[in-house]
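This chain uses plain numbering: 1 for the first residue, then up along the sequence. Atoms within each ligand, like the ligands themselves, are counted from 1 in listed order.
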Amino acid sequence: MHPKVGTILRLFRTEAGYISGELLSRELGVSRTAIWKHISALRNSGYCIEAVPSRGYRLISSPDVINPHEVAAQLNSTTIGRHLEFFKLTTSTNSDAFRLAENGAVEGTVVLTDGQSGGKGRRGRIWSSPAGVNLYCSVVLRPAIMPHEAPQLTFLSAVAVARAIELTTNLIPEIKWPNDLLISGKKVAGLLNEMSAETDGINFVILGIGVNLNMTAGQFPDDLRHPATSLLLESGTEVDRPRFASTMLNELDRLYTDFLTHGFGPVREEWQRRCNANGRQVIVSDSGTECTGGLFIGIDADGALLLRSDDEVQHRITCGDVRVI
Ligand code: BTN
């Protein structure tokens with residue numbers, strides 16, 4: 001993707017009406033011929049751009065496919081998204097990001113796609129990933145932390161997605177431990193971290209983020225274990241996918257910068273505030289068997305769930321399904 005193309009889209013977004021070729025060439029510091037080539041490239045990617053002599057260019061419509069130029073044009077991050085890879089269709093962005101990271105992709109590389117044919121969920125499950133409706137992306141991070149601290153990074157993604165939902169819709173999401181995003185008790189987003197590490201450090205972590213944005217009821221598989229939803233189904237309004245993606249990535253960038261400077265504390269505090277179990281009694285089950293119940297106290301430094309049972313014993317839970325009573 002050419003960075004100048006992102007600048008053209010940003011100008012189309014901020015300037016009302018036609019933008020003259022002269023203004024574009026002045027803002028971008030390139031010739032009118034170069035502008036014409038960028039406009040042609042945008043048209044080839046599905047943008048409908050009107051060109052009127054002596055008035056200039058006007059954006060009529062954007063393509064349906066989530067477009068990396070649109071996402072890049074709205075990024076104001078320092079690390080996340082400084083390199084953006086886009087695939088119209090792929091098997092799994094997590095697998096792509098893993099491969100790119102193994103080949104030296106810089107920290108902050110984002111892999112974005114319009115649809116996945118083999119989206120991966122937690123515990124070996126499939127993540128339903130129809131094209132043209134949702135957000136599927138994976139982020140490469142290379143923090144100087146120990147491997148046991150890596151799960152903390154999933155909590156950053158959860159908070160970033162929660163903030164993005166609040167910033168782009170009128171909905172208030174809740175986080176369900178370990179890292180599901182819920183609206184009205186139904187799952188709207190899922191997160192999958194993968195890591196390459198040595199005993200004494202991390203090579204890289206992949207944050208995989210899937211958010212159901214404009215999925216319609218008929219697009220959900222029949223065999224879902226838990227009820228699921230999309231932002232469209234909950235709010236009745238279609239989500240602007242590039243806007244959502246860039247908002248989420250900008251928030252993730254802020255959280256990550258904060259994490260590197262101040263550690264896990266601030267994100268843990270925000271995560272707990274947003275957790276659906278906050279101050280409530282919960283039951284944890286593993287493979288369908290109820291095993292522990294108690295008052296939700298919070299999460300510890302490794303992201304494990306802390307509960308206090310009626311006999312005042314504190315329990316530390318590292319896996320299972322949490323149900324709020
Ligand atoms: C879950 O089971 O809740 C986790 C789902 C994670 C899905 C996302 S979509 C983008 C990225 N690529 C994948 O293959 N999975 C993650």
Does ligand 1 have any atom that is closer than 4.0 Å to a heavy atom of Q116? yes

Backbone N/O of A105 and side chain of T109: donor-acceptor pair under 3.5 Å: no

Could you see which bit of N179 sits under 4.0 Å from ligand 1, with heavy atoms only: side chain, backbone, both or neither? neither

Close-contact set for ligand 1 against G119 heavy atoms, below 4.0 Å: 14 (O)

With heavy atoms and a 4.0 Å threshold, my read on which part of S95 contacts ligand 1 is neither

Return yes if some donor-acceptor pair links the side-chain N/O of S77 with the main-chain N/O of T79 below 3.5 Å, else return no. no

For ligand 1, which atoms, with element, lie under 4.0 Å from some heavy atom of K120? 5 (C), 6 (C), 7 (C), 13 (C), 14 (O), 15 (N), 16 (C)

I'd like to check whether K187 has a polar contact with ligand 1, where a contact means an N/O of the residue lying under 3.5 Å from an N/O of the ligand. yes

Quick note on ligand 1: atoms under 4.0 Å from a heavy atom of T93 include exactly 10 (C), 11 (C), 12 (N)

Side-chain donor-acceptor pair under 3.5 Å between R163 and N250, yes or no? no

When the ring centroid of F12 is compared with that of Y57, is the distance short of 6.0 Å? no

Note: R274-E166 ion pair, threshold 4.0 Å (strictly below): yes

Using a distance-only test with no angle check, is there a side-chain donor-acceptor pair under 3.5 angstrom linking N94 and S92? no

Could you tell me the residue and atom name of the protein heavy atom closest to atom 5 (C) of ligand 1, and the distance to it rounded to 0.1 Å? W127 CE3, 3.4 Å

Taking the six-membered ring of Y18, is the NZ or CZ of R58 close enough (under 6.0 Å from the centre) and on axis enough (within 45°)? yes

To which protein heavy atom is atom 1 (C) of ligand 1 closest, and what is the distance rounded to 0.1 Å? R122 N, 3.5 Å

In this structure, does ligand 1 have an atom that sits under 4.0 Å from one of the heavy atoms of R123? no

Main-chain N/O of V205 paired to R142 side chain as donor or acceptor, under 3.5 Å: no

Among all the protein's non-hydrogen atoms, which is closest to atom 8 (C) of ligand 1, and how far away is it? G210 N, 3.7 Å

